[in-house]
Amino acid sequence: MNYWLVKSEPEAYSWDTFVRDGGTDWTGVRNYQARNFLQQMQPGDLVLYYHSVSDKQVVGVAQVATPAAPDATAEAGSPWVAVHLQPQQPLAQPVSLVRIKQDERLSQIGLLRQSRLSVMPLKAAEFDTILELGA
DNA sequence: GCCAACGTTGGC
DNA sequence: GCCAACGTTGGC
């Protein structure tokens with residue numbers, strides 16, 4: 001089991017919309033590093049859902065439902081892939097970027113070290129810490 | 001609105 | 001292969 005974090009601008013596709021949809025194909029990733037992480041995802045992996053830009057907090061947990069497959073929104077033959085994500089549960093208390101920065105246990109998290117990356121792996125301990133902060 | 005970080009493109 | 005120019009993301 002692996003752990004991940006994905007970002008979405010709430011104005012573009014919010015957690016609430018994701019829940020209302022009951023899941024979504026995580027399409028539109030156009031960065032090779034992020035694509036490589038998508039390709040490593042496996043069904044059952046857990047994914048933190050982070051609202052970037054206007055909200056700047058982790059708001060929920062999603063689950064990977066399918067292995068990576070060609071991104072239907074990209075040109076045929078392109079290297080881009082998508083996975084299907086389903087909502088698992090919202091965090092009782094969203095965990096803000098400020099809160100994450102304050103916690104020593106999260107000092108090495110990809111969210112802080114590489115702020116522009118939109119799909120990134122998390123260590124199990126980092127995932128657990130954020131769940132704990134969000135409980 | 002600004003700026004840092006980073007990726008991509010294209011000229012040489 | 002290098003680097004300047006430019007575009008995008010995302011925090012502040």
Side-chain angles (χ1 to χ4, degrees):
Chain A
M1 158 95 72
N2 289 304
Y3 300 95
W4 310 93
L5 180 146
V6 298
K7 292 183 186 174
S8 181
E9 291 191 35
E11 289 75 19
Y13 192 76
S14 70
W15 169 261
D16 285 347
T17 305
F18 178 52
V19 169
R20 196 177 324 126
D21 290 347
T24 196
D25 288 331
W26 207 254
T27 57
V29 171
R30 297 292 182 270
N31 168 284
Y32 279 100
Q33 204 180 349
R35 180 207 67 147
N36 292 342
F37 291 136
L38 282 179
Q39 254 169 347
Q40 292 168 33
M41 289 187 182
Q42 295 184 345
D45 285 357
L46 294 176
V47 183
L48 294 181
Y49 197 106
Y50 177 79
H51 275 169
S52 64
V53 182
S54 56
D55 206 28
K56 285 174 283 191
Q57 49 189 3
V58 178
V59 294
V61 183
Q63 192 161 30
V64 177
T66 68
D71 181 340
T73 69
E75 241 178 279
S78 76
W80 308 117
V81 300
V83 297
H84 192 80
L85 295 182
Q86 290 174 342
Q88 201 215 35
Q89 55 171 29
L91 294 187
Q93 255 179 267
V95 178
S96 70
L97 185 61
V98 170
R99 187 75 189 79
I100 287 170
K101 284 183 173 173
Q102 286 169 350
D103 198 304
E104 185 134 342
R105 293 170 294 174
L106 299 173
S107 63
Q108 300 302 307
I109 198 171
L111 190 65
L112 300 181
R113 296 171 68 84
Q114 220 181 333
S115 65
R116 286 183 57 205
L117 191 59
S118 64
V119 180
M120 65 188 76
L122 292 176
K123 297 192 184 98
E126 293 167 341
F127 180 86
D128 290 343
T129 298
I130 291 177
L131 278 203
E132 175 197 317
L133 294 174

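Only this structure's heavy atoms are used, side chains among them; waters, hydrogens and symmetry mates stay out. Quick note on labels: first sequence line is chain A, next is B, and so on, each numbered from 1.
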Short side-chain donor-acceptor distance under 3.5 Å, D25(A) and T27(A):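 No, because no side-chain N or O of T27(A) sits under 3.5 Å from a partner of the opposite role on D25(A).
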Looking only at the side chains, is there a donor atom on one of S14(A) and R20(A) sitting less than 3.5 Å from an acceptor on the other?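 Short answer, no.
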Side chain of [X] - closest among [options]:
{"X": "Q114(A)", "options": "dG10(C), dG11(C), dC6(B)", "value": "dC6(B)"}
{"X": "S52(A)", "options": "dG7(B), dG11(C), dC6(B)", "value": "dG11(C)"}
{"X": "Y32(A)", "options": "dT8(B), dG7(B), dC12(C)", "value": "dT8(B)"}
{"X": "R116(A)", "options": "dT8(B), dG11(C), dC6(B)", "value": "dC6(B)"}

Return the value, rounded to whole Å, for the distance between atom [atom1] of [X] and atom [atom2] of [N].
{"X": "L111(A)", "N": "dA5(B)", "atom1": "CG", "atom2": "C1'", "result": "14 Å"}
{"X": "W80(A)", "N": "dT8(B)", "atom1": "CH2", "atom2": "C1'", "result": "11 Å"}
{"X": "R35(A)", "N": "dG7(B)", "atom1": "CZ", "atom2": "P", "result": "15 Å"}
{"X": "H51(A)", "N": "dT9(C)", "atom1": "NE2", "atom2": "P", "result": "17 Å"}
{"X": "R113(A)", "N": "dG10(C)", "atom1": "CZ", "atom2": "C1'", "result": "18 Å"}
{"X": "N31(A)", "N": "dA5(B)", "atom1": "CG", "atom2": "C1'", "result": "13 Å"}
{"X": "D55(A)", "N": "dG10(C)", "atom1": "CG", "atom2": "C1'", "result": "13 Å"}
{"X": "N36(A)", "N": "dG7(B)", "atom1": "CG", "atom2": "P", "result": "12 Å"}

Ring geometry between W4(A) and F37(A) (parallel below 30°, tilted from 30 to 60°, perpendicular above 60°):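 Tilted: the ring planes of F37(A) and W4(A) meet at 30° to 60°.
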Where does the angle between the aromatic ring planes of F18(A) and Y13(A) fall among parallel (under 30°), tilted (30 to 60°) and perpendicular (over 60°)?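 Answer is perpendicular, since the angle exceeds 60°.
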Would you say Y50(A) reaches dT9(C)'s phosphate, i.e. side-chain N/O to OP1/OP2 under 4.0 Å?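 It does not, given that no N or O in the side chain of Y50(A) lies less than 4.0 Å from OP1 or OP2 of dT9(C).
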Side-chain N,O (K7(A)) to OP1/OP2 (dG10(C)) below 4.0 Å: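 True: K7(A) side-chain N/O within range (under 4.0 Å) of dG10(C) OP1/OP2.
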Step through it carefully: locate the ring centre of Y50(A), locate the ring centre of W15(A), and say whether they are under 6.0 Å apart.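 Not close enough - the centres of the two rings lie 6.0 Å or further apart.
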